[in-house]
Engineer: 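This structure is in structure tokens; I'll ask about it shortly.
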Amino acid sequence: MNKLTLKYLSLNFLLLVSLLSSRFGTCAARHSVYWKGIRRSVAEREISATINVLDHGAKGDGTSDDTKAFEDAWEEACKVAASTLLVPSGSTFLVGPVSFLGKECKENIVFQLDGKIIAPTSSSAWGSGLLQWIEFKSLKGITVKGKGIIDGQGSVWWNKSPDYDPADESQSITKNDMVKEQLGTKMPKTKPTALRFYGSNGVTVNGITIQNSPQTHLKFDNCMSIQVSDFTTSSPGDSPNTDGIHLQNSQDAVIYRSTLACGDDCISIQTGCSNIYIHDVDCGPGHGISIGGLGKDNTKACVSNITVRDVTMHETTNGVRIKSWQGGSGSVKQVMFSNIQVSDVANPIIIDQYYCDGGGCHNETSAVAVSNINYINIKGTYTKQPIRFACSDSLPCTGISLSTIELKPATEKASSLDPFCWEAHGELKTQTLPPIQCLKTEKSPEASQSNNDAC
């Protein structure tokens, strides 16, 4: 092979290498652009997964109606799983009755509440009356969290106000007099719960405050897997029917590290509830922590596996209470109240199978069975009566046990009221203060529940 041929082959080889290198570089560049586009697309989706109500027309000035903006933002957030609807800090949003539905919603939506939401105080916003103000319904994995506030502005519902005459032109509707106008408006008889979860699974409430609710502050109805933590309610002790947390037909709930001040039960546990664990809660003012009232209007009630521990109660009308109406059926069983500190509580320990709210009740033989109720390490001061067990004649309470009970009178008047027992059966595992001499010896739980406990 001569030198000319070799030179020719070498030149062709170099041209081939150059061509391949050029194509590889173009491909690599396109590959790089492609992945940059993918990363940009992912980043854009991540950004779009936070939906700010301000971007959907909310004013956040405390006077403009932002209800539709919240509804539109929710609709957008529902399109992306694990998205966040943001209610930003620094703004106050006037929001009317609204229901956030899960029918066409992705899972694990977060409602990030950092600002303040206030309820309308004009009667026109409520029509003839509604049972709830803000509702989350039929969701899988819903979280409401943040440092924000939900304010029900309940004083317009609680207080009796002078009649307001809209035809009187002398009554100014300026900003300064707007509150007077609203207070003078007659509100509907039906008062709404501030925040309600219905038919949802995997519900988390963390960090928020609900204050001045017209009625119950936070309600769970037909829900499963509930977690409430670092939650606050704040309403006056004389605000009517303003339960802190209300659970009904709900299972597997944990409530902890929360501060509850209200005008009714700090926590109310109703029929259909089981596996409820409450700990590290501060309660007061209010009516204590209650199971019931159960069995109203001859209904069946079933409650089981309830634990309340490491709770502080101060200046409440009751401490830990179980209450049921005459004529009901079903059962309350496997309940533990442990490590409860009471201060100036009227009635620290109560079982009342003769509960009657409002009068007009009649004696009936049927009752909700009460059994296996344990009281451990309950200490502090009372102002009325330390212990009251008022159980049914036909269906006595059974399986009551008390250990390390130390309750002292806060006043001389309270000291004259001894523990009261009626058809209450159980045992004292330790000496108690004051001494409990009225508790009957143990009676078989099976015998008392045979005709009622079909839960």
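Reckoned from all heavy atoms, side chains included, excluding hydrogens, waters and symmetry mates. Since the structure is predicted, the reported quantities are computational estimates derived from the model, not experimental observations.
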Engineer: N374 and N372: which non-hydrogen atoms are nearest, and at how many Å?
Structural biologist: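 Closest approach of N374 to N372, heavy atoms only: ND2-O, 3.9 Å.
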Engineer: Do side-chain atoms of T430 reach the backbone of T404 as a donor and acceptor pair under 3.5 angstrom?
Structural biologist: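 Pair found, side chain donor or acceptor close to backbone of T404.
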Engineer: Can you see which heavy atom on T67 is nearest to which on P97, and at what distance?
Structural biologist: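 The pair with the smallest heavy-atom distance is CG2-O, 4.1 Å.
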Engineer: If every non-hydrogen atom of D357 is compared with every non-hydrogen atom of W325, which pair is closest and at what distance?
Structural biologist: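 Scanning both residues completely, I find the closest heavy atoms to be N-CH2, 3.4 Å.
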Engineer: When you compare the side chain of N339 with that of H279, does any pair of heavy atoms fall below 4.5 Å?
Structural biologist: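 Of all side-chain heavy-atom pairs linking N339 with H279, none is under 4.5 Å.
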Engineer: Given salt bridge (Lys or Arg N to Asp or Glu O under 4.0 Å), test R321 with D265 step by step and report yes or no.
Structural biologist: CA-CA 10 Å; R321 175 170 60 158; D265 294 330; 3.1 Å; yes
Engineer: Check the orientation of F100 and F111. Use parallel for under 30°, tilted for 30 to 60°, and perpendicular for over 60°.
Structural biologist: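 It falls in the tilted class, 30° to 60°.
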Engineer: Would you kindly say whether N206 and T204 are connected by a side-chain donor-acceptor distance under 3.5 Å?
Structural biologist: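 T204 and N206 do not have a side-chain donor-acceptor pair below 3.5 Å.
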Engineer: Is it the case that atom NZ in K145 sees more than 12 heavy atoms from other parts of the structure closer than 6.0 Å?
Structural biologist: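 Count not over threshold, so no.
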Engineer: With no hydrogens and no angle check, just 3.5 Å: does a side-chain donor-acceptor pair link Q211 and D151?
Structural biologist: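 Side chains of Q211 and D151: pair found under 3.5 Å.
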Engineer: In this structure, are over 12 heavy atoms from other groups packed under 6.0 Å from Q431 atom CD?
Structural biologist: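 For Q431, atom CD is not crowded (no more than 12 foreign heavy atoms under 6.0 Å).
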Engineer: Charged N to carboxylate O below 4.0 Å: is that the case for E423 and K440?
Structural biologist: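 Salt bridge flag = yes for K440 with E423.
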Engineer: Is the shortest heavy-atom distance from the side chain of I245 to the side chain of I278 under 4.5 Å?
Structural biologist: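 No; the side chains remain at least 4.5 Å from each other.
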Engineer: Which heavy atom in A410 sits nearest to a heavy atom in D344, and how many Å separate them?
Structural biologist: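 Heavy-atom minimum between the residues: CB-OD1, 3.2 Å.
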